[in-house]
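A short worksheet on the structure shown next.
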Amino acid sequence: MTYKNFSENEKSTFREQLKHDSKKEFKNEFIRKTNLERQLIDEYGFEAIKLIFEYRNSVNYFPLGSFPSNCPWSTINDKNIKEAIETNFSKVKNKLPNLILTIKERCKFIYAEKTDDEWHLHYLMNAKLYDERDYYKVYTGGMPLNEPKENPTLLKFGWTLPKDLKEFYSIHNGFGEIYDAYFILNNKQIKVMGEMMNPICKEQNVKPDDYSFDDLLEFFPDGGGNAQCFLREDDENNTTVDWDHETWELSGEENFYEFINERMSEIDEE
């Protein structure tokens, strides 16, 4: 697809229009701004993405096909978007069929980002907002981590990294809407819930009846205080449960890949 090029005047004008005017009614401003963002991406493509995300280091964004040689994903430069997705997720293609298919069907742009000491890979996908307007959603993946080690929190509580999580880290060390919620925490971010909850239990003189916080490893926050956690039951620790922050109750058990395949395939807002 051929996209327009920004003139410098257009870029300056749109840069101002993309700012949220706090003096105006929030809902109207939200609708105006999100409509503009989607319109710009449809018309100007990757250059619009760089303009929209200037506040997020977009000067260091590189589109698929132009990844630098030191980028971890430079080997997929010669592939189109669908081929790049298939290649990158090839080792788990039978474990995440719905998620991979969804990303392939929805993805409009793939671009890499160089930060101070690492790289990220962004997948910008078509999405619907809660009011059915066309918008986008971005899933971001960290650099492949082929030999992840237990972080200090895991070592403190005698945890070994779950087998499935280690495998997924070899594709992306962290993945999802990393600036918001609903994402797989990276190897540095995952934490045993006993670190936070044991002092609370001691202070309130209460603890769960059917599990220990030392046996819950948080890997997927929902932004509202709840979390999907690995439940330590056996050597591989691949069973996950949902922990409710209000009731402290656990949901039924679910395999890591089953959970990710279902939850992260939901792109549109409800």
Side-chain angles (χ1 to χ4, degrees), residues 18-20 22 26-27 29-38 40-41 46 48-61 85 88-89 96 98-100 102-103 105-116 118-143 165 168-169 171-191 193 196 217-230 240 242-246 251 256 259-270:
L18 286 166
K19 295 179 180 178
H20 181 86
S22 59
F26 177 83
K27 181 178 180 181
E29 271 295 276
F30 174 78
I31 292 174
R32 179 196 66 80
K33 186 172 179 290
T34 50
N35 283 343
L36 176 60
E37 289 177 347
R38 179 59 197 238
L40 291 178
I41 290 175
F46 180 67
I49 294 172
K50 292 185 69 175
L51 183 66
I52 291 168
F53 294 116
E54 278 186 337
Y55 69 102
R56 280 189 186 164
N57 190 46
S58 67
V59 67
N60 290 314
Y61 284 3
I85 294 166
N88 203 36
F89 288 93
L96 295 172
N98 295 343
L99 176 59
I100 295 171
T102 297
I103 297 175
E105 290 179 340
R106 299 287 192 115
C107 194
K108 285 177 65 70
F109 294 93
I110 294 178
Y111 49 99
E113 175 189 359
K114 179 69 172 72
T115 62
D116 291 338
E118 60 183 25
W119 287 85
H120 286 140
L121 192 66
H122 302 281
Y123 306 80
L124 186 141
M125 299 173 287
N126 290 322
K128 294 279 189 183
L129 292 174
Y130 66 94
D131 56 5
E132 295 296 313
R133 287 181 299 117
D134 290 333
Y135 196 52
Y136 61 81
K137 177 175 286 188
V138 180
Y139 279 171
T140 299
M143 294 169 55
L165 191 59
F168 190 85
Y169 281 166
I171 300 168
H172 281 306
N173 181 22
F175 182 72
E177 296 180 86
I178 65 172
Y179 303 107
D180 190 8
Y182 288 93
F183 64 99
I184 301 170
L185 299 172
N186 67 36
N187 193 44
K188 292 181 180 179
Q189 295 171 320
I190 54 174
K191 53 187 178 291
M193 293 201 66
M196 175 182 69
L217 175 64
E218 179 183 357
F219 72 93
F220 195 95
D222 74 348
N226 306 317
Q228 195 76 12
C229 304
F230 285 98
T240 78
D242 177 75
W243 178 74
D244 188 298
H245 78 287
E246 293 183 346
S251 72
F256 169 78
F259 168 76
I260 294 302
N261 190 53
E262 178 180 357
R263 179 67 64 88
M264 299 196 75
S265 297
E266 300 170 359
I267 305 298
D268 296 332
E269 291 185 355
E270 296 181 355

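- The two atoms that bring N126 and K108 nearest to each other are OD1-CD, 2.7 Å, heavy atoms only.
- Atom-to-atom distance recorded for N35:CG and E37:CD is 9.5 Å, nearest 0.5 angstrom.
- Annotation: E262, atom CD; neighbour count of heavy atoms from other residues, nucleotides and ligands within 6.0 Å does not exceed 12.
- For Y169 (side chain) and N186 (main-chain N/O), a donor-acceptor pair under 3.5 Å exists by modelled atom type.
- Relative orientation of the F89 and F168 rings is tilted, given thresholds of 30° and 60° on the angle between their planes.
- Distance check, rounded to the nearest 0.5 Å: NZ of K27 to CG of D131 gives 7.5 Å.
- Using modelled atom types, no side-chain atom of D242 and backbone atom of N226 make a donor-acceptor pair closer than 3.5 Å.
- Between the CG atom of D268 and the OH atom of Y130 there is a distance of 14.5 Å, given to the nearest 0.5 Å.
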**Report entry** Derivation and outcome, side chain to side chain contact (heavy atoms under 4.5 Å, CB included), residues I110 and N88
**Finding:** CA-CA 12 Å; I110 294 178; N88 203 36; over 6 Å; no

Query raised in the report: What's the verdict on salt bridge (charged side-chain N to carboxylate O under 4.0 Å, His left out) for D180 and K137, showing C-alpha distance, side-chain angles and the deciding distance?
Result: CA-CA 11 Å; D180 190 8; K137 177 175 286 188; over 6 Å; no

Query - Trace of the side chain to side chain contact (heavy atoms under 4.5 Å, CB included) decision for L40 with L18 - result: CA-CA 10 Å; L40 291 178; L18 286 166; 4.2 Å; yes

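- Scanning all heavy atoms of the two residues, the minimum distance from E218 to C229 falls at CA-SG, 3.8 Å.
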Requested in this report: Please lay out, stage by stage, how M264 and I103 fare under the test side chain to side chain contact (heavy atoms under 4.5 Å, CB included).
Outcome: CA-CA 10 Å; M264 299 196 75; I103 297 175; over 6 Å; no

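- Legend: residues meeting side-chain contact (heavy atoms from CB on, under 4.5 Å) with E113, ordered by chain and number and at least two apart, are N57, Y61, T115, H120, H122, Y179.
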Query - Trace of the side chain to side chain contact (heavy atoms under 4.5 Å, CB included) decision for I41 with L124 - result: CA-CA 10 Å; I41 290 175; L124 186 141; 4.1 Å; yes

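- Interatomic distance, I260 CD1 to T240 OG1, rounded to the nearest 0.5 Å: 8.0 Å.
- Under the 6.0 Å cut-off for aromatic ring centres, Y136 and F109 do not qualify, their centroids lying 6.0 Å or more apart.
- Here CD1 of I267 is found 3.5 Å from OH of Y139. Values are rounded to the nearest 0.5 Å.
- In this structure, H172 and Y123 have perpendicular ring planes: the angle between them is above 60°, well past the 30° mark.
- Checked against ring pair (Phe, Tyr, Trp, His ring centres under 6.0 Å), F26 has the following partners two or more places apart in sequence or in another chain: H20.
- The two residues K50 and S58 make their nearest non-hydrogen contact at O-OG, 2.6 Å.
- Contact check for D134 versus K128: side-chain heavy atoms found under the 4.5 Å cut-off.
- With rounding to the nearest 0.5 Å, the separation of OG1 in T140 from CZ in F183 is 10.5 Å.
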